[in-house]
K.L.:
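One structure, as structure tokens, below. Some questions next.
In this chain, numbering begins with 1 at the start of the sequence shown. Predicted model, so just to flag it, every value in this text is computed and none were measured.
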Amino acid sequence: MINRRALLRAGILTGGLLTGAASASTAVFARTAQPSSTAPDQRPATPDEAWATLREGNRRWVDGTVTHPHQDAARRKEVAQKQDPFAVVFSCIDSRVSPELVFDTGLGDLFVVRTAAQTIDPLVTGAAEYGPAELGTPLVVVLGHQRCGAVTAAAESLHDHKKLPGELDTIASALRSAYKRSGGDVDKMIRINTIDVVKQLKKDKLFAPRIAKGRLKVIGAYYSLDTGEVTRLV
């Protein structure tokens with residue numbers, strides 16, 4: 001019988017650091033415009049290593065010193081037939097919160113799942129499960145963010161007892177519990193909902209055994225639109 005996991009994991013990252021001649025006058029530009037690929041042994045293997053890598057990338061984003069790793073033609077070729085991302089980031093659909101930018105990562109680094117206000121259902125859970133269950137991805141980050149439009153709309157809808165149009169009202173319903181516990185405060189509601197999703201994922205039948213063995217962590221974090229900083233909630 002074909003081992004599906006072996007096929008998915010086969011041939012993990014074979015590229016090395018790319019080097020090239022550059023004059024002194026263009027060296028700085030080359031480092032930012034033509035980022036290098038990461039060697040295989042540098043791929044974070046544990047939950048803590050994965051989180052440390054994301055934190056370091058976010059620090060670069062905040063400081064304005066991003067390196068845009070894994071975004072060149074060599075990396076594209078390297079991951080064309082295989083992938084081994086080190087984290088799953090479950091975030092909001094907000095256009096200002098792109099995980100690959102927020103954490104200064106590139107092709108093949110992250111599995112990204114996005115819904116309005118990172119609301120969750122069985123289909124979304126299945127998408128989040130794929131990395132840890134099939135490839136052993138060691139970290140899942142649920143990322144809420146400042147001034148979330150979906151949470152704001154839901155809070156206003158619930159406060160005014162007015163249904164949102166179409167399926168948008170489903171989002172408001174999913175956030176009802178967080179709304180009640182936050183007292184209607186949008187920022188508290190965002191944080192409560194993020195933590196709720198983390199708790200739900202930790203109980204997942206595919207996640208729980210991996211968490212118990214220390215092979216997986218599910219954490220919640222909060223992104224500031226003002227500063228670009230990601231802080232851990234749980």
K.L.:
Answer whether the closest heavy-atom distance between the side chains of E129 and F207 falls below 4.5 Å.
P.N.:
yes
K.L.:
Could you pull out the closest heavy-atom pair between P85 and R43, with the gap in Å?
P.N.:
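Smallest interatomic distance, heavy atoms only, reads O-NH2, 2.9 Å.
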K.L.:
So, do L216 and P138 sit near enough that their side-chain heavy atoms are less than 4.5 Å apart?
P.N.:
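A side-chain contact is absent here, since even the closest heavy-atom pair is not under 4.5 Å.
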K.L.:
Is a side-chain N or O of S98 found less than 3.5 angstrom from the main chain of L101, in a donor-acceptor match?
P.N.:
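Answer holds: no.
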K.L.:
If Ile, Leu, Val, Met, Phe, Trp and Tyr residues are connected whenever their side-chain heavy atoms lie under 4.5 Å apart, and connections chain through other members, are L54 and I219 in the same group?
P.N.:
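Same cluster.
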K.L.:
Compute whether any side-chain donor of one residue and acceptor of the other, for N58 and E229, lie under 3.5 angstrom apart.
P.N.:
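Side chains of N58 and E229: no pair found under 3.5 Å.
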K.L.:
To the nearest 0.5 Å, tell me how far T137 OG1 sits from D84 CG.
P.N.:
6.5 Å
K.L.:
Does a donor on one side chain and an acceptor on the other come within less than 3.5 Å for D204 and T125?
P.N.:
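Result is no, nothing qualifies.
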K.L.:
Once you round to the nearest 0.5 Å, how far does CG of D169 lie from OG of S157?
P.N.:
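It comes to 5.5 Å.
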K.L.:
With a 4.5 Å cut-off on side-chain heavy-atom distances among I, L, V, M, F, W and Y, is there a chain of contacts connecting V186 to Y222?
P.N.:
yes
K.L.:
Out of the candidates V124, I171, D121, only one should pair with T115 under the side-chain contact (heavy atoms from CB on, under 4.5 Å) rule; please name it.
P.N.:
V124
K.L.:
With a 4.0 Å cut-off on N to O distance, would you call D160 and K162 a salt bridge?
P.N.:
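Between K162 and D160 there is no salt bridge, as every charged N stays at least 4.0 Å from the carboxylate O atoms.
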K.L.:
Determine the minimum heavy-atom distance between Y130 and Q83, stating which atoms define it.
P.N.:
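Nearest heavy atoms, Y130 then Q83: CE2-NE2, 4.4 Å.
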K.L.:
Could you see if I93 belongs to whatever hydrophobic cluster contains M189? Use Ile, Leu, Val, Met, Phe, Trp, Tyr and a side-chain cutoff under 4.5 Å.
P.N.:
no
K.L.:
Decide yes or no for V66 and F103: does some side-chain heavy atom of the first lie under 4.5 Å from some side-chain heavy atom of the second?
P.N.:
no
K.L.:
If you count every heavy atom of other residues, nucleotides or ligands that lies below 6.0 Å from R232 atom CZ, does the total exceed 12?
P.N.:
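Yes, CZ of R232 has more than 12 neighbouring heavy atoms, counting only those of other groups under 6.0 Å.
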K.L.:
State whether a side-chain donor-acceptor pair under 3.5 Å links Y179 with D185.
P.N.:
no
K.L.:
For the residue pair R114 and F90, would you count it as a cation-pi contact if the rule is NZ or CZ under 6.0 angstrom from the ring centre and within 45 degrees of the ring axis?
P.N.:
no
K.L.:
Where is the tightest heavy-atom contact between V88 and A128, given as atom of each residue plus distance?
P.N.:
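V88 and A128 have their closest heavy atoms at CG2-O, 4.1 Å.
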K.L.:
Minimum heavy-atom separation for S91 to V97, with atom names?
P.N.:
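S91 and V97 have their closest heavy atoms at OG-O, 4.1 Å.
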K.L.:
Let me see the working for D187 and R191 under salt bridge (charged side-chain N to carboxylate O under 4.0 Å, His left out), right down to the final yes or no.
P.N.:
CA-CA 6 Å; D187 200 64; R191 295 168 188 268; 3.0 Å; yes
K.L.:
To the nearest 0.5 angstrom, please state how far the CZ atom of R96 sits from the CG atom of L225.
P.N.:
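Rounded to the nearest 0.5 Å, the CZ-CG separation comes out at 4.5 Å.
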K.L.:
Answer yes or no: is there a donor N or O on one side and an acceptor on the other, between the side chain of D104 and the main chain of H68, under 3.5 Å?
P.N.:
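The answer is yes, because a donor-acceptor pair under 3.5 Å joins these two groups.
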K.L.:
We want to know whether E167 and T170 form a side-chain donor-acceptor pair, criterion being a heavy-atom distance below 3.5 angstrom.
P.N.:
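Looking only at side-chain atoms, T170 and E167 do form a donor-acceptor pair, the distance falling under 3.5 Å.
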K.L.:
Tell me whether Q146 contacts the main-chain N or O of D226 through its side chain, where contact means a donor paired with an acceptor under 3.5 Å.
P.N.:
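Yes, because the side chain of Q146 sits within donor-acceptor range (under 3.5 Å) of the backbone of D226.
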K.L.:
What's the shortest heavy-atom distance between V218 and V198, and which atoms?
P.N.:
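In terms of heavy atoms, the two residues are closest at O-CG1, 3.6 Å.
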K.L.:
Between F86 and T105, does the side chain to side chain contact (heavy atoms under 4.5 Å, CB included) criterion hold? Intermediate values first, please.
P.N.:
CA-CA 11 Å; F86 66 86; T105 58; 4.3 Å; yes
K.L.:
Given 3.5 Å as the limit, does a donor-acceptor pair link the side chain of D109 with the main chain of E100, or not?
P.N.:
no
K.L.:
Rounded to the nearest 0.5 Å, what's the gap from CZ on R75 to NE2 on H70? Could you check?
P.N.:
4.0 Å
K.L.:
Is it true that a side-chain atom of Q118 and a backbone atom of N193 form a donor plus acceptor pair closer than 3.5 Å?
P.N.:
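No.
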K.L.:
Measure the spacing between CD1 of I195 and CD1 of I190 and express it to the nearest 0.5 Å.
P.N.:
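Separation between the atoms: 12.0 Å.
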K.L.:
Out of curiosity, does W51 fall in the hydrophobic cluster containing L110 (side-chain heavy atoms, cut-off under 4.5 Å, transitive links)?
P.N.:
yes
K.L.:
Please report the interatomic distance CZ(R55) to OG1(T231), rounded to the nearest 0.5 Å.
P.N.:
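Interatomic distance, R55 CZ to T231 OG1, rounded to 0.5 Å: 10.0 Å.
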K.L.:
Under the side chain to side chain contact (heavy atoms under 4.5 Å, CB included) criterion, do L139 and T46 qualify, and how do the steps go?
P.N.:
CA-CA 8 Å; L139 180 67; T46 69; over 6 Å; no
K.L.:
Are more than 12 heavy atoms, taken from residues, nucleotides or ligands other than R147, located less than 6.0 Å from that residue's CZ atom?
P.N.:
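Counting other residues, nucleotides and ligands, CZ of R147 exceeds 12 neighbours.
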K.L.:
For residues V140 and P132, report the shortest heavy-atom separation together with the two atoms involved.
P.N.:
CG2-CG, 4.0 Å
K.L.:
Going by an N to O cut-off under 4.0 Å, is there a salt bridge joining R59 and D63?
P.N.:
yes
K.L.:
Does a salt bridge link R181 with D196, judged by any charged N lying under 4.0 Å from a carboxylate O?
P.N.:
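Yes.
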K.L.:
Is the shortest side-chain heavy-atom distance between L107 and E78 below 4.5 Å?
P.N.:
no
K.L.:
When hydrophobic residues are tied together by side-chain contacts of less than 4.5 Å, even through go-betweens, does V234 share a cluster with I211?
P.N.:
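Yes, V234 connects to I211 through the hydrophobic network.
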